[in-house]
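In what follows, a single structure is set out as structure tokens and then discussed.
Within every chain, numbering begins at 1; the chains are lettered A, B, ... in the order of the sequence lines, protein sequences first and strands thereafter.
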Protein chains: 2
Amino acid sequence: MTASETTARKRRPYAARVPMAQRREQLLDAALAIIDRDGYDRISIDAIAKEVGVTRPVVYGAFDDLGQLLGALLDRQQERAITQLYAALPLDAVGSSPVELVERAVPALHAMLLADPMTWRAILQSGSGVPEAVGRRVDGDRTRVLATVELMISSALPQDYDAELLAHAVIALLEHFGRLVLADPEHFTAERLATSARTMIGAWLP
Amino acid sequence: MTASETTARKRRPYAARVPMAQRREQLLDAALAIIDRDGYDRISIDAIAKEVGVTRPVVYGAFDDLGQLLGALLDRQQERAITQLYAALPLDAVGSSPVELVERAVPALHAMLLADPMTWRAILQSGSGVPEAVGRRVDGDRTRVLATVELMISSALPQDYDAELLAHAVIALLEHFGRLVLADPEHFTAERLATSARTMIGAWLP
DNA sequence: TCCATTTACTACACAACTGTAGCATTCTGG
DNA sequence: CCAGAATGCTACAGTTGTGTAGTAAATGGA
């Protein structure tokens, strides 16, 4: 065994070469998997590199820094979530009563969550552990959703309800029950949730 | 200037000596301040030492490691929160209707939050960023509170409401509106919240 | 086959943090 | 004043992560 053979033996074999676009997607998938498994406070360039089986310069070749990577992940995930949300909501039921809407929306949203749990878990755990740039972005998104929900409530319920507070309540409940469904879908079934929602909302209608 | 003078010049002046019990309390206060300002993911022995103006061995002289310190902080904060909560809730109103209870509880809870915001902010931001041991403890506490709320609901509302789901909803709403009040107390006033709560709960009563 | 391009790895410097043995300083009582 | 006890600091070793210059390997086209 010569010295060059000894030296060559020690060098880690190269990971398969991958076009940049595909590599970026792979890195984003890895980041999402880490966030889902370990939480936002465990995400790092080093962790992502290890998850994929490449070295850090490869990650830096695709993204300038962690912030940029997380921004790209957010872009991608947001697009996925919005697509799923619009597919799930009964937007064709324009003239229906709130109770009918709820009876159709709850099972659809329930199925949506379970069809892509990783996406929704990452979104619904966007609490204080997220990097600051991510948190600001998510807060902005939540503000927009809040305004939309507030408009819907204003047109559906009597005027003696505070629409802004109700919108906050609806968002908080959707997020909380989303987390419960993802954690225990057999216990928090679509049927059970729909029944309760119908009963409570029904009591608020004229 | 002799060599010993030069050496003495370079040594950092000692922080004031403090009895152990007082030091522990001071370190816990510092930890709470860091969590409030920077979040759970920024808490570390080093950060606490810097916050107080001592070196790390001083912190390690008081607590074995970060986990033990955070456990002690949790014990202390939990005791504070429970004391404040029991002082705020109208426990003397045993025979009152749910609407009356709410009308008295909301302003009291509102004032409680603002009387000690740091304590409540640390509790209400106990999301995914917390160290695992803390998260498990908080989850256990939440489960107990949930069971208590579920019992109260079972006795106050008609049987066609799902008490478990409602308990989850109440907890989610209390936490969410707690965060809103801490963030913007002038916008989310006690009066406004009480009015909305009265209207909604009133609609559920026989 | 050879060469140029593209993609991947190594080794390094640096920063931040954990944990501790040994040493230093401060304070109080005799 | 001095000695001892109690509390505080320094320097060190180790770990983990960031970021990068230089080198290596792989691939495809001529």
Value in whole Å for how far the P atom of dT18(C) lies from CZ of Phe63(B): 15 Å
Under the salt bridge (charged side-chain N to carboxylate O under 4.0 Å, His left out) rule, what pairs show up with a residue in residues 23-34 of chain A, not counting sequence neighbours? Glu25(A)-Arg76(A), Asp29(A)-Arg76(A)
Heavy-atom closest pair (Ala31(A) atom, Leu73(A) atom, distance to 0.1 Å) is CB-CD2, 4.2 Å
Atom CG in Asp141(B), atom CD in Gln78(B): separation rounded to 0.5 Å? 4.5 Å
Per the under-4.0 Å heavy-atom filter, residues of residues 17-30 of chain A near DNA chain C come out as Arg17(A), Val18(A), Arg23(A)
Would you mind reading off the distance between Asp64(A) atom CG and dT18(D) atom C1', rounded to a whole angstrom? 14 Å
Side chain to side chain donor-acceptor pair (under 3.5 Å) for His187(B) and Glu164(A)? Distances and angles first, verdict last. CA-CA 11 Å; His187(B) 189 59; Glu164(A) 189 195 2; 3.0 Å; yes
Using a strict heavy-atom distance below 4.0 Å, which residues from residues 44-60 of chain A are in contact with DNA chain C? Val54(A), Thr55(A), Pro57(A), Val58(A)
Close side-chain approach of Gln77(A) and Leu28(A), heavy atoms under 4.5 Å: no
Rounded to the nearest angstrom, tell me the gap between atom CG in Leu66(A) and atom C1' in dG19(D). 13 Å
Let me confirm one number: the CG-CG distance from Leu114(A) to Leu182(A), rounded to the nearest 0.5 Å. 6.5 Å
Heavy atoms of other groups near Arg37(A) CZ, more than 12 under 6.0 Å: yes
How close or far is atom C1' of dG17(D) from atom CG of Leu69(A), stated in whole angstroms? 15 Å
Please determine if a side-chain N or O atom of Arg12(B) lies less than 4.0 Å away from the OP1 or OP2 oxygen of dC9(D). yes
Could you say whether Tyr14(B) or Pro13(A) is positioned toward the 5' end of DNA chain C, judged by the nucleotide with the nearest heavy atom to each? Pro13(A)
When the ring planes of Phe188(A) and His168(B) are compared, do they come out parallel, tilted or perpendicular, using 30° and 60° as the limits? perpendicular
